Amino acid sequence: MSELLANLDIHPLRGDFYDELHSRPFQILPSPARVSHIAVLTNPEQRQSQFQHLQTLHTLLGHVPPQQEVGCFEQTFGDLRVRREMHMEFASYTFVNLAPNRSVAFSENAINLLPEGWLAELSGTVIAAFHLDIQRGSADRARENPDYVRTHFEGLRLIGSSPQEGAAKVWSTFQLHSDGFGRFMVINHKMSNSQLGRLTQRLMEIEIYRLMSLLALPVAREITPSLNDMDQQLVLVTQTLADNQDVDEQALLTRLTFIAARIEAFRARATFRFSATRAYHQLVMTRLDELKEDELTGHLTLTEFLTRRLTPAVKTCEAVGERLEDLSRRVDRASDMMRTRVELAIQSQNQQLLSSMDRRSKIQLMMQHTVEGFSVVAITYYLIGLLKLVLDSVYEAGIVFNKSLVLGIAIPVTLALVYLSVRLVHHHFIRMAKNQ
């Protein structure tokens with residue numbers, strides 16, 4: 001490290017950030033060449049298995065196996081070049097046959113140079129598999145005639161263009177052929193090996209990314225009927241609320257909760273797939289722009305064909321994704337209305353309950369006042385009884401007085417004192433209640 005940076009705090013991933021720009025360099029391809037490309041969907045377990053499978057290939061071909069997995073690995077075994085690239089959802093394998101090509105287009109391919117049975121052991125789910133036949137431009141214009149080219153594509157309808165301002169011609173059908181592979185033919189007129197490698201890389205990426213972008217289409221088609229059903233249920237719920245009918249709020253809230261749960265389940269399942277579709281479609285459009293195609297008379301260019309056929313499928317996925325979000329928002333609004341309705345009903349019930357409690361409190365207060373009157377008489381009665389016993393004891397002790405007169409005077413006095421005492425206690429508790 002330079003002395004100028006030796007004392008500075010360097011980000012630990014700075015080198016990785018620089019290396020990322022060069023992790024997948026373009027290939028350098030001669031013409032003629034035969035390229036076969038396979039992309040397989042993988043999970044973490046399959047990725048480890050694939051790396052071990054790649055090590056097995058080196059052993060079978062007499063080379064030292066790699067010991068560390070990298071994002072992009074490339075190795076040449078004589079006339080066979082093998083390139084393996086790891087992506088987020090898939091791994092891609094590019095096999096290049098560099099031997100001089102003297103055979104008919106697509107009659108030989110790079111896979112034929114692999115050890116027998118090795119490819120069959122490759123783990124993962126194949127999403128893309130196609131051949132690219134790269135040829136030199138010929139002075140014999142008949143060999144570049146569309147009718148002649150069509151014979152190499154089993155008579156299927158051709159899609160073609162002249163990219164890079166006529167430096168080459170590209171033909172394809174974007175269909176599977178009898179061998180289960182797709183096909184591209186590149187006729188090189190004046191492209192260097194580096195330019196040819198970049199062109200071929202763009203074609204491979206266009207084919208892979210357009211297939212990856214379509215993975216969401218079956219999901220969109222599968223959940224659309226359920227979305228239609230939930231949409232109708234939501235319409236009925238909101239119409240019921242709009243009509244202000246006497247409804248079972250609990251039942252409606254249960255239905256809304258069920259709809260919301262289904263929507264969230266669909267979102268959890270489809271949101272990533274729909275987002276990936278948008279990203280892959282954008283990559284396809286970017287790669288098509290980089291081709292700088294010129295039209296070949298009477299044929300759709302790759303950009304025209306894919307824009308017309310691929311974009312509607314992507315828009316369908318986007319529309320279903322937007323519909324999921326819209327349904328989620330509508331369910332939230334309907335739930336808010338239901339909760340407001342339930343809260344208002346609860347408030348009304350609480351008001352009625354408070355009114356009922358207030359009435360009961362008044363009745364209890366009147367009963368309490370009545371009981372207080374009885375209690376004053378009862379307490380007075382018992383106090384006069386005790387006083388009579390005291391007077392009898394004093395009289396028997398020799399003190400002579402009129403017991404009847406004393407009791408007659410004591411009764412109203414005791415009654416008044418008991419009454420005042422009860423009222424004082426009553427007012428004391430009232431003041432305590434007011435101060436709380």
Side-chain angles (χ1 to χ4, degrees), residues 233-234 236-264 328-436:
Q233 293 184 44
L234 188 57
L236 292 176
V237 171
T238 52
Q239 187 62 46
T240 301
L241 294 175
D243 293 341
N244 198 25
Q245 300 174 354
D246 292 333
V247 296
D248 185 350
E249 287 87 357
Q250 188 66 34
L252 283 183
L253 197 56
T254 300
R255 289 176 62 184
L256 283 174
T257 303
F258 175 70
I259 294 173
R262 292 186 66 191
I263 290 174
E264 290 305 313
S328 180
R329 289 190 294 267
R330 288 168 57 194
V331 169
D332 288 341
R333 291 196 295 267
S335 298
D336 289 340
M337 288 188 291
M338 280 298 306
R339 281 191 289 268
T340 301
R341 187 182 179 112
V342 171
E343 289 173 0
L344 290 174
I346 292 174
Q347 291 178 4
S348 177
Q349 293 175 0
N350 290 340
Q351 187 65 36
Q352 295 175 4
L353 180 60
L354 290 174
S355 299
S356 175
M357 292 175 63
D358 185 57
R359 287 194 299 271
R360 287 196 295 268
S361 298
K362 291 180 179 179
I363 294 173
Q364 289 176 356
L365 183 59
M366 289 186 292
M367 292 176 63
Q368 181 180 348
H369 289 165
T370 303
V371 171
E372 284 178 0
F374 291 125
S375 64
V376 169
V377 174
I379 294 172
T380 301
Y381 174 79
Y382 286 113
L383 289 176
I384 293 300
L386 293 173
L387 180 60
K388 185 177 180 299
L389 292 175
V390 173
L391 291 176
D392 288 342
S393 298
V394 172
Y395 188 83
E396 291 177 358
I399 299 175
V400 179
F401 60 92
N402 190 341
K403 292 191 293 182
S404 299
L405 178 61
V406 174
L407 285 174
I409 295 171
I411 288 173
V413 173
T414 303
L415 183 64
L417 292 174
V418 171
Y419 176 77
L420 290 175
S421 299
V422 170
R423 295 304 297 171
L424 285 173
V425 173
H426 179 73
H427 286 298
H428 174 69
F429 284 118
I430 290 177
R431 285 195 300 270
M432 290 179 60
K434 289 181 178 179
N435 292 331
Q436 287 182 349

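Keep in mind the model is a prediction, meaning the values are calculated, not measured.
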Return a table of donor-acceptor pairs under 3.5 angstrom between the side chains of residues 379-389 and protein atoms on other chains or two or more places apart.
{"unit_1": "T380", "atom_1": "OG1", "unit_2": "V376", "atom_2": "O", "d": "2.7"}
{"unit_1": "K388", "atom_1": "NZ", "unit_2": "D392", "atom_2": "OD2", "d": "3.4"}

Show every donor-acceptor pair shorter than 3.5 Å between a side-chain atom in residues 350-357 and any protein atom, with sequence neighbours excluded, or say none if there are none.
{"unit_1": "N350", "atom_1": "ND2", "unit_2": "I346", "atom_2": "O", "d": "3.3"}
{"unit_1": "S355", "atom_1": "OG", "unit_2": "Q351", "atom_2": "O", "d": "3.0"}
{"unit_1": "S356", "atom_1": "OG", "unit_2": "R360", "atom_2": "NH1", "d": "2.6"}

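- Residues satisfying the side chain to side chain contact (heavy atoms under 4.5 Å, CB included) test with L405, not counting sequence neighbours, are N402, I409.
- With sequence neighbours excluded, no residue forms a side chain to side chain contact (heavy atoms under 4.5 Å, CB included) with S421.
- For T257, there are no side-chain hydrogen bond (donor to acceptor under 3.5 Å, both in side chains) partners, not counting sequence neighbours.
- A search for side chain to side chain contact (heavy atoms under 4.5 Å, CB included) contacts involving A334 returns L234, T238, L256, M337, not counting sequence neighbours.
- For S404, the side-chain hydrogen bond (donor to acceptor under 3.5 Å, both in side chains) criterion is met by no residue, not counting sequence neighbours.
- Under the side-chain hydrogen bond (donor to acceptor under 3.5 Å, both in side chains) criterion, R255 pairs with no residue at all, not counting sequence neighbours.
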